[in-house]
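Some notes on the structure that comes next.
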2 protein chains.
Amino acid sequence: MATGRTHRPATRSRGIPEATVARLPLYLRALTALSERSVPTVSSEELAAAAGVNSAKLRKDFSYLGSYGTRGVGYDVEYLVYQISRELGLTQDWPVVIVGIGNLGAALANYGGFASRGFRVAALIDADPAMAGKPVAGMPVQHTDELEKIIEENGVSIGVIATPAGAAQQVSERLIAAGVTSILNFAPTVLQVPEGVDVRKVDLSIELQILAFHEQRKAGDAEAAAAALLPPAARRAAEAAANRKGPDGDVPAVMPA
Amino acid sequence: MATGRTHRPATRSRGIPEATVARLPLYLRALTALSERSVPTVSSEELAAAAGVNSAKLRKDFSYLGSYGTRGVGYDVEYLVYQISRELGLTQDWPVVIVGIGNLGAALANYGGFASRGFRVAALIDADPAMAGKPVAGMPVQHTDELEKIIEENGVSIGVIATPAGAAQQVSERLIAAGVTSILNFAPTVLQVPEGVDVRKVDLSIELQILAFHEQRKAGDAEAAAAALLPPAARRAAEAAANRKGPDGDVPAVMPA
DNA sequence: CCATCTTTGTGCACGCGTTCACAAAGACAT
DNA sequence: ATGTCTTTGTGAACGCGTGCACAAAGATGG
């Protein structure tokens with residue numbers, strides 16, 4: 001997957017382990033799909049398969065919420081949907097602001113996943129005066145000057161940062177000063193935030209690098225294992241590596257982020 | 001942060017812990033910034049601060065790569081940049097295909113973070129015939145029919161899925177059949193993949209839900225602290241009642257993803 | 001060459017998360 | 001009622017990751 005957690009100092013929130021919280025949305029999605037198909041109950045085994053986790057883990061996760069299952073039968077889908085939604089705080093409306101309406105910010109504004117599940121885009125904010133007033137996802141972009149006013153008037157507590165890396169820290173500081181206490185950061189920077197503010201980061205570049213590491217390992221293993229018996233993918237990867245550009249192989253092909 | 005890992009069965013790759021691998025790109029970014037400012041050496045303390053981690057953790061991470069530091073001095077920035085790049089496999093070129101050129105796919109295609117660090121967008125692929133040939137990020141979109149050919153001709157081993165949820169599983173199967181062994185999945189679905197294929201997922205909706213959980217907890221804590229010390233059961237009942245929106249309070253306010 | 005000072009590298013202990021395996025609980029049939 | 005069968009809920013063991021704290025290593029100055 002593509003993100004890591006930030007600043008969660010092992011503070012188990014209300015007795016529910018952080019790892020469990022991170023999986024609840026996964027369960028919720030699977031349960032919602034079952035609910036749409038009018039499936040009344042589901043066993044831990046089935047649901048675990050749908051969510052891609054171990055069934056024992058799922059049962060233990062649910063046990064933190066309470067005993068909502070029936071032995072010999074399974075879990076009531078509708079009831080569980082409600083319980084998880086409530087636990088995650090999705091029974092209320094969360095106004096969200098998106099700061100930085102470039103390619104990514106615009107894509108986020110158009111993303112359906114925001115609108116569903118209780119998240120409402122309260123405003124789109126950009127520092128470029130030329131963007132002000134332009135409609136994106138059926139909503140006029142507002143200038144950064146309005147940031148504090150928007151947050152206070154709408155009671156926004158969650159902010160999404162989709163600005164360039166250079167602006168992210170400053171934006172986060174303004175968001176926090178205005179009352180935001182949770183930030184989803186798409187900018188490739190480590191945000192420095194005060195105690196009590198939650199930051200989660202989504203970093204495409206980092207995810208790719210992690211994949212590259214494993215990819216390289218696979219290729220290397222395959223190579224070392226046998227020159228013969230190469231699986232097709234590894235063989236092609238090796239070829240691609242051999243096709244490397246330029247004979248000057250000693251300078252790392254790394255560029256600034 | 002905004003991602004979770006998938007299907008990493010505690011298989012410590014080449015002796016480097018997965019948690020360390022996930023941090024290497026972070027260090028690399030901080031080091032690259034130092035390198036641009038022509039800083040020759042850096043201590044574990046300084047670098048850890050820049051990367052937002054504990055200095056002991058950083059030193060232990062580096063110790064898995066080898067002993068690249070000098071006691072009393074610190075780490076040589078350029079050398080470390082090279083070593084980490086090599087370890088992550090960034091000294092070679094990784095051709096990548098992006099499947100699903102909607103808002104998000106287009107944003108990804110335009111994202112600078114791909115072009116840098118050895119990742120090269122080899123092709124943009126979409127199932128919509130109307131998209132075929134249209135230029136996105138200076139590159140013509142190709143139709144899904146060409147998927148297998150593109151992957152094989154370019155030796156692509158990393159695929160990015162930015163399609164709607166419904167198409168993701170099928171796309172992943174085609175990618176894998178054609179030789180892709182690492183997938184970065186932006187679609188809100190759990191991909192079912194065979195052994196040996198790495199999947200990382202980026203799920204905006206899940207990240208927001210996790211933030212909402214903590215946000216609710218903060219609000220709840222403040223409330224509970226302010227109000228008289230109600231027993232947990234009573235408090236949860238009160239919350240449930242307060243959280244009901246509208247008069248039709250028995251239907252959970254959750255929508256399909 | 002020796003003393004001092006800085007900073008690395010790591011042994012160790014602790015806590016979280018995962019998984020196994022099983023007893024308890026309930027449904028269902030007879 | 002009673003027995004059987006299914007599935008939950010959880011005790012316990014294990015392994016990974018984290019962070020402390022310190023000894024070893026080297027630089028630097030006299």
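First the proteins, then the strands, lettered A, B, ... as listed; each starts at 1.
- A side-chain donor from one of B:Gln209 and B:Ser205 sits under 3.5 Å from a side-chain acceptor of the other.
- For the pair A:Glu18 CD and C:dT18 P, the computed distance is 11 Å after rounding to whole Å.
- The aromatic ring centroids of B:Phe62 and B:Tyr68 lie 6.0 Å or more from each other.
- Rounding to whole angstrom units, CD1 of residue A:Ile16 and C1' of C:dG17 are separated by 15 Å.
- Among the protein residues, A:Phe62 comes within range of no part of the nucleic acid, since none of its heavy atoms lies under 4.0 Å from any strand.
- Considering only side-chain N and O atoms, A:Ser44 lies nowhere under 4.0 angstrom from the phosphate OP1 or OP2 of D:dT7.
- Rounded to whole angstrom, the span from the CG atom of B:Leu58 across to the C1' atom of D:dG17 amounts to 15 Å.
- Considering only side-chain N and O atoms, A:Tyr68 lies nowhere under 4.0 angstrom from the phosphate OP1 or OP2 of D:dT7.
- At the phosphate of D:dG17, neither OP1 nor OP2 sits under 4.0 Å from any side-chain N or O atom of B:Tyr64.
- For B:Arg59, the side-chain atoms get nearest to C:dG9 when compared with the rest of D:dT7, C:dG9, C:dG11.
- Between the CG atom of A:Asp76 and the P atom of C:dG26 there is a distance of 16 Å, rounded to whole Å.
- In this structure, of C:dA25, C:dA21, D:dG26, it is C:dA25 that holds the atom nearest to the side chain of A:Arg71.
- Each of B:Arg23 and A:Glu45 was assigned the nucleotide of DNA chain D with the nearest heavy atom; the assignment lying further toward the 5' end belongs to A:Glu45.
- In this structure, A:Leu47 places its CG atom 14 Å from P of D:dT7, rounding to the nearest Å.
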Test A:Arg29 against B:Asp203 for salt bridge (Lys or Arg N to Asp or Glu O under 4.0 Å), laying out the working first. CA-CA 12 Å; A:Arg29 180 176 293 154; B:Asp203 196 314; 2.8 Å; yes
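- Using modelled atom types, one finds a donor on one side chain and an acceptor on the other under 3.5 Å when comparing A:Gln169 with A:Glu173.
- Taking only side-chain nitrogens and oxygens, A:Asn54 comes nearer than 4.0 Å to OP1 or OP2 of C:dC20.
- Here A:Arg71 pairs with nothing under the side-chain contact (heavy atoms from CB on, under 4.5 Å) rule; sequence neighbours left out.
- On a pure distance criterion of 3.5 Å, a polar donor-acceptor pair joins the side chain of A:Lys60 and the base of C:dT19.
- Distance, A:Tyr75 OH to C:dA27 C1': 16 Å, rounded to whole Å.
- Distance CG (B:Asp61) to P (D:dG17): 10 Å, rounded to an integer number of Å.
- Listed nucleotides C:dT10, C:dG9, C:dT18 differ in distance to A:Ala19; the shortest reach to its side chain belongs to C:dT18.
- Residue B:Leu80 contributes atom CG, which lies 13 Å from atom C1' of C:dT8 at whole-angstrom precision.
- When the nucleotides C:dT19, D:dG26, C:dG9 are ranked by their closest atom to the side chain of B:Thr70, D:dG26 comes out on top.
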